[in-house]
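Encoded as structure tokens, the structure appears first; notes follow it.
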Protein chains: 2
Amino acid sequence: MTIKVIIVDDQAMVRAGFAALLAAQSDIDVVGEAPDGREGVEVSRRAHPDVVLMDVRMPEMDGLEAARQLLDPPRGVIHRPKVLMLTTFDVDDYVYEALRAGASGFLLKDAPPADLISAVRVVAAGEALLAPSVTRRLIADFARQRPAPRRDGPSARRSGLTPRETEVLELIARGLSNQEIAESLVLAEQTVKTHIGRVLAKLGLRDRAQAVIFAYESGLVTPGQ
Amino acid sequence: MTIKVIIVDDQAMVRAGFAALLAAQSDIDVVGEAPDGREGVEVSRRAHPDVVLMDVRMPEMDGLEAARQLLDPPRGVIHRPKVLMLTTFDVDDYVYEALRAGASGFLLKDAPPADLISAVRVVAAGEALLAPSVTRRLIADFARQRPAPRRDGPSARRSGLTPRETEVLELIARGLSNQEIAESLVLAEQTVKTHIGRVLAKLGLRDRAQAVIFAYESGLVTPGQ
DNA sequence: CATACGATGAGCCGCATGGGTGATGTACTG
DNA sequence: CAGTACATCACCCATGCGGCTCATCGTATG
């Protein structure tokens with residue numbers, strides 16, 4: 001079973017080069033080409049390739065938008081190819097946009113030909129592959145978002161909040177008013193105010209809005225569920 | 001300049017195989033081996049390799065803990081090698097733990113020898129590299145956490161906020177008071193209050209604390225930097 | 001036993017905040 | 001040209017919120 005590939009790039013020379021390189025592989029067929037995103041989407045709809053090699057920067061419709069359309073097809077379109085993004089420079093925003101859109105890979109055009117070929121095979125197999133510099137960024141991003149479990153626990157950052165204070169802070173970060181917090185914890189509203197006052201003082205915050213920010217930034221609460 | 005590598009794996013056979021494979025490269029020197037995490041850390045401290053090949057599952061101290069110790073060294077230890085994790089099976093938890101700890105790569109032991117060699121070079125160069133199946137998971141995770149901007153834009157979620165209102169909302173989410181927002185945007189405080197009033201009304205929120213929550217939950221602002 | 005800390009709550013005070021209404025100027029669009 | 005959307009600002013008002021002080025009651029901790 002051969003891997004059907006189309007190549008979308010505004011430079012004819014690049015298309016020709018990649019086409020020649022890939023077509024020389026017995027397990028890869030180049031079944032189409034296009035010079036911009038719009039035509040790329042059309043060609044893909046007709047030729048339903050397994051893999052779309054997509055340049056990022058193109059006239060008419062850039063590779064990111066084209067990738068989005070291919071990966072989130074309108075009702076009625078069943079075909080959903082794997083998309084392998086290509087770029088000359090490696091620019092953060094492009095990478096993240098592409099990955100968000102569901103691209104299966106991101107390579108720099110200066111990668112060794114062998115890498116491109118194996119990338120096509122990897123992507124066709126349903127796996128994913130990134131340029132090493134991109135991988136590094138993605139990992140860094142991942143690690144930054146979820147820092148390693150601090151050995152002293154998250155409480156360390158919360159500079160000596162008592163359990164009750166932490167509890168109150170969390171309810172603030174859920175958007176409750178003082179009165180609602182009081183009801184929720186079965187307390188007098190005044191008690192809640194005392195707790196909040198201490199929380200703000202200990203953390204050096206001005207108001208509950210800043211407390212909410214702190215709760216998110218410190219990981220006490222996290223976005224999305 | 002050769003790349004100094006140590007190999008940490010509890011199976012002598014595996015160590016021997018990898019050592020032979022890598023030592024055959026003119027630009028790679030194997031400067032040490034260890035059968036478990038604890039000894040691996042010791043050997044690394046003495047031999048200060050550029051790259052540590054680290055098995056995940058080992059007696060005494062597993063590869064994850066060893067990686068953590070190498071990548072977050074105690075005061076006084078300056079050397080900080082790159083860590084390339086190896087595993088026989090690819091298990092999610094291991095991968096995420098390792099990446100959180102700051103590992104530069106994650107390969108399956110059944111990868112082609114050429115991949116291992118190039119992985120060592122990539123990692124030594126400060127870049128990163130993952131097994132394709134791992135890459136796929138990381139991307140999926142990434143895309144899931146930050147879903148692609150719907151084609152009608154993130155503003156759709158913000159239910160028709162005007163650009164100015166969005167701007168004000170963002171400053172609220174940075175913890176600024178009305179007066180500070182006014183100064184920041186060169187406006188009268190009353191104007192700021194009008195904008196905020198509209199934001200709260202359009203989004204169905206009660207106060208600025210809830211506005212901060214919304215800003216985080218909608219992705220207008222994100223934790224961490 | 002004395003001390004300290006955490007949790008609870010009261011009273012008071014002042015201001016930032018949020019709601020409501022209305023007005024003006026600009027810019028775009030049908 | 002009329003209609004609409006947006007940004008700007010003013011005035012008024014009620015109150016939620018945060019600052020400050022003080023008091024009581026447990027429970028550890030020395």
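First the proteins, then the strands, lettered A, B, ... as listed; each starts at 1.
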Notebook entry, point to check: Any idea which of D/dA7, C/dA7, D/dG18 is nearest the A/Arg208 side chain?
Noted result: D/dG18

Notebook entry, point to check: Atom NZ of A/Lys202 and atom C1' of D/dG19: how far apart are they, to the nearest Å?
Noted result: 17 Å

Note to self: Nearest 0.5 Å, please: how far is CG in A/Leu70 from NE2 in A/His48?
What the structure shows: 13.5 Å

Next item on the list: To the nearest 0.5 Å, tell me how far B/Leu53 CG sits from B/Met85 CE.
Entry: 10.5 Å

Notebook entry, point to check: What is the distance from CG of A/Leu205 to P of D/dG18, rounded to the nearest Å?
Noted result: 10 Å

Note to self: Here's a test of your reading of the structure: between A/Arg164 and A/Arg206, which maps to the more 5' nucleotide of DNA chain C?
What the structure shows: A/Arg164

Next item on the list: Quick one: list whatever passes side-chain hydrogen bond (donor to acceptor under 3.5 Å, both in side chains) with A/Glu127, sequence neighbours left out.
Entry: B/Arg136

Next item on the list: In whole angstrom, give the distance that lies between atom CD of B/Glu180 and atom P of C/dT17.
Entry: 9 Å

Check: So how far is it from A/Ile6 CD1 to A/Phe18 CZ, rounded to the nearest 0.5 Å?
Finding: 14.5 Å

Next item on the list: Verify, without hydrogens or angle tests, whether B/Arg208 (side chain) and B/Leu169 (backbone) share a donor-acceptor contact under 3.5 angstrom.
Entry: no

Notebook entry, point to check: How many Å lie between CD on A/Glu167 and C1' on C/dG6, as a whole number?
Noted result: 13 Å

Next item on the list: Map B/Ala188 and A/Ser177 onto DNA chain D by nearest heavy atom, then report which one ends up closer to the 5' terminus.
Entry: B/Ala188

Margin query: Strictly below 4.0 Å: does A/Asn178 bring a side-chain N or O up to OP1 or OP2 of D/dG16?
Written below: no

Margin query: It should be established whether A/Thr162 places a side-chain nitrogen or oxygen under 4.0 Å from OP1 or OP2 of nucleotide C/dC5.
Written below: no

Notebook entry, point to check: Less than 3.5 Å between a donor and an acceptor, one on the side chain of B/Arg198 and one on the base of C/dT21, is that the case here?
Noted result: no

Item checked: Out of D/dG19, D/dC12, D/dC17, whichever nucleotide has its closest atom nearest the side chain of A/Leu200 -> D/dG19

Notebook entry, point to check: In whole angstroms, how far is the P atom of C/dA16 from the CD atom of A/Gln210?
Noted result: 14 Å

Margin query: So, does A/His195 get its side chain near the phosphate of C/dA7, meaning an N or O under 4.0 Å from OP1 or OP2?
Written below: no

Check: Given that B/Val192 and A/Gly197 both sit by DNA chain D, which one's nearest nucleotide is further toward the 5' end?
Finding: B/Val192

Item checked: Interatomic distance, A/Gln179 CD vs D/dC17 P [rounded to whole Å] -> 9 Å

Margin query: Just the rounded figure in Å: distance from P of D/dG16 to CG of B/Asp207.
Written below: 11 Å

Item checked: Separation of atom CG in B/Leu176 from atom P in C/dT17, rounded to whole Å -> 10 Å

Margin query: Quiz question: going by heavy-atom distance under 3.5 Å, is there a donor-acceptor pair between the base of C/dG11 and the side chain of A/Gln190?
Written below: yes

Margin query: Regarding B/Thr191, tell me which of base, sugar-phosphate or nothing describes its non-hydrogen contacts under 4.0 Å with the strands shown.
Written below: base

Notebook entry, point to check: Rounded to the nearest 0.5 Å, how far apart are CG of B/Leu130 and OG1 of B/Thr135?
Noted result: 4.5 Å

Next item on the list: Please work out if A/Thr194 contacts a base, only the sugar-phosphate, or nothing of the nucleic acid, heavy-atom cut-off 4.0 Å.
Entry: base

Check: Where the side chain of B/Glu165 is concerned, which of C/dA7, D/dA7, D/dT8 is the nearest nucleotide?
Finding: D/dA7

